[in-house]
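Structure, as structure tokens:
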Amino acid sequence: MGSRFLEAFEEMRHQNPNRIAYFTSRAGQDQTLSYEQLGAHSDTLAFFLRSFAPKGLPVVVYGHKSPLMLTTFLACAKAGLPYAPVDVAYPVDRVSDILEQIGNPLVLAFADEPFPCNPSLAYDVVGKEAIESIIAGSGVPEQAWQVSGDDIFYLLFTSGSTGRPKGVQMPSRCVDSFMDYFQKLFPPCENPISFNRVPYTFDVSLFDIIAGLSQGYSLFALESECEQSLASTFDALAQSGLTAWVSTPSFVEMCLADPSFNSDLLPRLNTIVLCGEVFRNSTALKLIERFPTASVYNTYGPTETQAVTDILVTRELAEETNPLPVGYLNPEVRAVIRDLQTGEPLPEGEAGEVYLEGATVSLGYWKRPDLTEAAFTEHNSSSSSKIRCYKTGDKGYLDGEGRLFCLGRLDFQVKLNGFRVELGDVEQGIAQLPSIKEAVVLPVEKDGKVTHLAAHIMLADPDAPKDFKAAQNLKAQLKQTLPDYMIPKKIVFHDSFPLTVNGKIDRKAL
Ligand code: AMP
């Protein structure tokens with residue numbers, strides 16, 4: 001028993017102790033970790049966590065990209081504890097909400113800025129210096145402590161429609177199945193280096209952590225300052241030696257807007273993995289043109305199941321099949337397409353709601369049996385073991401070759417620059433402000449892609465100013481409760497909302 005991912009990592013550590021496991025764009029020795037260092041530091045930290053962290057509770061890991069973040073993820077798994085990453089981009093109210101939901105967790109804070117504390121919540125915060133002195137010591141955790149089977153490996157908080165983030169619990173066995181399936185996207189090559197670009201709060205970041213580290217890849221991350229401009233990002237990329245790219249299509253589209261994003265900038269790149277939102281045919285064709293020798297993959301999966309599909313996107317596929325398929329399924333996962341009205345399974349070729357069942361489906365939402373029951377079910381397999389199933393909210397169909405196609409959402413969830421956003425989450429954030437009577441948030445699309453959010457607002461005081469300054473003021477207040485990417489770009493004031501014949505707010509008319 002134990003974690004097969006940890007076992008594979010330790011094997012790599014043993015074979016290549018001096019190989020770089022993680023490095024960032026920030027210069028300095030503390031920004032680079034070898035496999036041996038990552039292994040030894042996470043061993044020592046696991047020792048500390050085992051005696052100091054509350055049993056059974058996830059450890060909150062606060063920061064952005066740094067060797068200490070990755071060290072802690074491994075240390076938690078070695079200590080038999082789940083970890084819950086929280087990004088520095090989260091405003092104080094959201095961080096407090098997560099801490100409150102977990103219930104007095106231990107917080108390891110690695111950001112340059114102080115941890116945004118809410119003094120009314122009881123929890124312990126251990127900072128960067130303290131952790132650095134702990135990992136400078138020594139200690140070997142017992143194999144028996146490791147997460148395994150149904151033990152939660154990580155807890156990822158994602159946007160919730162009722163205005164509170166919800167924590168997706170992913171057990172160790174799902175991580176192992178994910179590793180088995182996606183190792184093939186990280187091919188062996190001389191000095192393999194992958195782009196660990198995606199924030200740790202987003203499951204796409206796990207592609208190279210799990211499938212890459214288990215095969216000896218070096219993970220390259222951009223630290224925050226470098227992410228501020230495309231010019232500094234490109235400078236860092238030119239030095240990186242990347243062989244594998246992992247990102248959302250939105251990020252790659254941003255890069256493609258600059259003609260210098262091509263194989264001269266990244267001459268070693270042989271694999272491009274995209275996930276998290278619609279991968280448009282036009283983007284695929286541009287990528288194939290700019291990186292003619294790289295293999296380009298579309299992959300798909302909600303946080304609740306991890307990524308479950310993949311397909312090699314060739315020029316021919318991108319020219320002939322629109323939309324692109326999201327791919328073939330991990331053989332340990334099955335997609336069932338159900339009729340939107342009756343819930344009955346549909347034959348191939350017919351579109352309905354996508355249900356995913358099998359090895360990588362989450363245990364549900366942390367301490368939210370109501371939400372878990374609404375989205376997850378369980379049934380017996382022929383061998384009477386339990387099969388978990390997740391209702392995705394995606395509309396889609398399977399073709400005769402077993403390829404899954406996604407045709408958009410059936411609910412109010414959108415993808416904005418790769419981030420998953422529930423419109424209800426943003427509406428709740430706005431409605432909480434005392435000056436607001438009612439708020440409706442709508443996505444604004446161009447060429448089938450959400451470009452920004454628009455908030456339609458009725459003020460509590462109908463005579464209050466409704467000008468540019470009032471809109472700016474509202475946005476400034478929202479920074480307290482919502483991450484930047486969720487704040488609507490456009491604010492439209494209304495004296496009243498149009499209503500449907502049933503008396504509901506007419507979202508279409510808005
Ligand atoms: P997240 O939980 O943030 O990973 O978001 C999952 C949702 O993003 C899915 O349920 C889909 O709606 C969408 N999604 C993810 N990958 C793709 C893809 N390759 N093509 C289309 N939609 C995608």
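None of these values were measured; they are calculated from a predicted model. Counting starts at 1 for both ligands and their atoms, following the listed order.
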- Note on the structure: The protein residues that pass the under-4.0 Å heavy-atom test against ligand 1 are Phe202, Asp203, Gly276, Glu277, Val278, Asn298, Thr299, Tyr300, Gly301, Pro302, Thr303, Val326, Asp394, Arg409, Gln413, Lys415, Arg420

- Item | Any Val107 side-chain heavy atom under 4.5 Å of Val86 side chain | no

- Check whether any side-chain heavy atom of Phe376 lies under 4.5 Å from a side-chain heavy atom of Tyr365, and answer yes or no. yes

- Flag the pair Phe73 / Tyr200 as yes when their ring centroid distance falls below 6.0 Å, and as no otherwise. yes

- Query: What class does the angle between the rings of Phe220 and Phe195 fall in, given that below 30° is parallel, 30 to 60° is tilted and above 60° is perpendicular?
  - Reply: parallel

- Message: Using 0.5 Å steps for rounding, measure from the CZ atom of Arg268 to the OG atom of Ser263.
- Response: 14.0 Å

- Flag for Glu350-Tyr397: side-chain donor and acceptor within less than 3.5 Å: no

